[in-house]
Amino acid sequence: MPGQKIEAGHQDTVHDVVMDYYGKRIATASSDTTIKIVGVTNSGSQHLSTLSGHQGPVWEVAWAHPKFGSLLASCSYDGRVIIWKEGNPNEWSQAHVFSDHKSSVNSICWAPHELGLSLACGSSDGNISVYTARAEGDWETTRIVDAHPVGVTSVSWAPAMAPGALVGKDLLDPVQKLVSGGCDNTVKVWKLYNGNWKMDCFPALHMHTDWVRDVSWAPNLGLPKSTIASASQDGKVIVWTVAKEGDQWEGKVLQDFNTPVWRVSWSLTGNILAVADGNNNVTLWKEAVDGEWQQVTTVELLSKVYGYCSLFGTHQLHTFVIVVFG
């Protein structure tokens, strides 16, 4: 697919953009406090909706899986998380507003759809909240208090399929795990035990020397190894792996980019990692058979990157879109 420039129509910096499950619409988040919905095709793009409701910069947006209907979540500097619901086509309303956090909510991530409708949120107040929709129509809240006491910058869910389920003899129960990054320079893994979130890595994963800007848990397709990528203000991307449940996580520096790294994002098959750095580069990386990571391509950018870049895939496994924010 050739490169395509999309004008979302924001009046300030764009911080995040996500493509829906079918690859037909994107949602963008901006410092102008709004969210834009844009329809995209191979031949062009069309503005569909503007969502207004936040009172500060909107940092991230996230589409829910379509099995739950047309839902979009957003988080903002105003400390709120809003769940938006589409009724008639391109008519959006606020289905729920969460105001639990005392400061900026920096990151949101929907759980794998096999786990139900659950949203994890990380905040500058140091806490992580997980909101889960119940059959009665209300939402249940669980919290990780002081997950990163000086601030949570990013959250990412583990795949629902338990590591090793593909090669094991028995089907295992779905996994409920999260990874988080924070201003304490650490990466932490969390697991839900009997309704309570507990840290699942001891000690915390600590190879970065500055804020962790982003974390991303790779799809594992049921294979035994689990993989997490973390990006930091220190310029490094680290790939963390664990061979099997209960083992210690091991970290390996993918690359020192010598500039802050904003975002890391996995392809749907978990074999390609996209990295966006402060030098306005987006690079794609793949693990070789010897375990070494190799850069497979660089995306040439025509304008400055102010925020994040990500590698997205639609439900068609081999369709990828590089999105540049600026």
Side-chain angles (χ1 to χ4, degrees), residues 13-18 27-31 35 54 56-64 71-84 97-112 118-132 141-158 176-190 197 204-205 208 210-218 228-233 237 240 260-266 274-276 306-312 323 325:
T13 303
V14 177
H15 297 288
D16 194 21
V17 59
V18 289
T28 59
S30 171
S31 279
I35 298 155
H54 284 293
V58 185
W59 302 131
E60 289 191 5
V61 284
W63 295 92
L71 296 176
L72 185 72
S74 60
C75 65
S76 169
Y77 180 80
D78 66 12
R80 297 191 300 166
V81 175
I82 300 179
I83 308 296
W84 306 85
V97 179
F98 301 103
S99 303
D100 308 72
H101 290 285
K102 305 304 181 185
S103 56
S104 175
V105 180
N106 303 315
S107 181
I108 51 176
C109 185
W110 289 106
S118 291
L119 184 72
C121 312
S123 170
S124 291
D125 64 13
N127 304 324
I128 296 172
S129 296
V130 179
Y131 304 114
T132 302
T141 303
T142 56
R143 291 187 178 85
I144 306 173
V145 178
D146 290 334
H148 300 266
V150 290
V152 183
T153 57
S154 54
V155 291
S156 177
W157 284 88
Q176 294 196 55
K177 284 188 178 184
L178 288 169
V179 62
S180 61
C183 300
D184 56 5
N185 310 345
T186 69
V187 174
K188 295 181 180 180
V189 178
W190 309 90
W197 290 95
L205 308 183
H208 290 294
D210 208 333
W211 288 15
V212 177
R213 288 291 186 181
D214 195 26
V215 290
S216 183
W217 202 311
I228 293 168
S230 60
S232 171
Q233 186 75 20
V237 170
W240 307 88
V261 185
W262 300 114
R263 175 66 66 94
V264 283
S265 181
W266 294 98
V275 178
Y306 294 98
Y308 300 135
C309 298
S310 294
L311 175 66
F312 298 106
V323 184
F325 314 81

Quick one: NE2 on H15 to CH2 on W262, what's the gap to the nearest 0.5 Å? 10.5 Å
Can you check whether A29's main-chain N or O pairs, donor with acceptor, with D16's side chain at less than 3.5 Å? no
Contact summary for V150 and C183, nearest pair of heavy atoms: CG2-C, 3.6 Å
If you round to the nearest 0.5 Å, how far is CG of L205 from OG of S230? 8.0 Å
Taking every heavy atom of A120 against every heavy atom of L178, the minimum-distance pair comes out as CB-CD2, 3.8 Å
Spatial distance of atom NE2 (H101) from atom CD1 (I128) [nearest 0.5 Å]: 8.5 Å
Taking all non-hydrogen atoms of both residues, which atom of W197 and which atom of R143 are closest, and how far apart? CD1-O, 4.5 Å
What's the shortest heavy-atom distance between S216 and S265, and which atoms? OG-CA, 4.1 Å
Only one of T141, D100, T142 forms a side chain to side chain donor-acceptor pair (under 3.5 Å) with Y131, so which one is it? D100
What is the minimum heavy-atom distance between V261 and A231, and which atoms define it? CG1-CB, 3.6 Å
Measure up the H54 and W84 rings against each other and bin them: parallel (under 30°), tilted (30 to 60°), perpendicular (over 60°). perpendicular
Could you walk me through whether H148 and T186 pass the side-chain contact (heavy atoms from CB on, under 4.5 Å) check? CA-CA 8 Å; H148 300 266; T186 69; 3.3 Å; yes
Please find the pair of heavy atoms, one from C75 and one from I108, that lie closest to each other, and give the distance. CB-CG2, 3.6 Å
Around atom CZ of F98, are there more than 12 heavy atoms from other residues, nucleotides or ligands closer than 6.0 Å? yes
Evaluate the criterion side-chain contact (heavy atoms from CB on, under 4.5 Å) for residue pair V189 and W240; output intermediate values, then yes/no. CA-CA 11 Å; V189 178; W240 307 88; over 6 Å; no
Under 3.5 Å donor-acceptor, S76 side chain and P57 backbone: yes
How long is the straight-line distance from OG1 of T153 back to CD of Q233, given to the nearest 0.5 Å? 10.5 Å
Can S118 and W110 be said to form a side-chain hydrogen bond (donor to acceptor under 3.5 Å, both in side chains), step by step? CA-CA 6 Å; S118 291; W110 289 106; over 6 Å; no
Distance from S99 atom OG to I82 atom CD1, nearest 0.5 Å? 8.0 Å
In terms of heavy-atom contacts, does CH2 of W211 have more than 12 from other residues, nucleotides or ligands at under 6.0 Å? no
For the pair S104 (side chain) and G79 (backbone), establish whether a donor and an acceptor sit closer than 3.5 Å, ignoring hydrogens and angles. no
One pair to check against side-chain contact (heavy atoms from CB on, under 4.5 Å): N185 and S232. What are the steps and the verdict? CA-CA 8 Å; N185 310 345; S232 171; over 6 Å; no
Taken to the nearest 0.5 Å, the spacing of E60 CD from S74 OG works out to 10.5 Å
Between N106 and S124, is a side-chain hydrogen bond (donor to acceptor under 3.5 Å, both in side chains) present by the stated rule, with each step listed? CA-CA 7 Å; N106 303 315; S124 291; 2.9 Å; yes
With a 4.5 Å cut-off on side-chain heavy atoms, are W217 and W157 touching? no
Intermediate values then yes/no, side-chain hydrogen bond (donor to acceptor under 3.5 Å, both in side chains), S180 and W190: CA-CA 8 Å; S180 61; W190 309 90; 2.9 Å; yes
Assess the residue pair V179 and V187 against the criterion (side-chain contact (heavy atoms from CB on, under 4.5 Å)); give the C-alpha distance rounded to whole Å, side-chain angles, the decisive distance to 0.1 Å, and a yes or no. CA-CA 7 Å; V179 62; V187 174; 3.5 Å; yes
With heavy-atom distances below 4.5 Å as the criterion, would you say the side chains of V152 and N127 are in contact? no
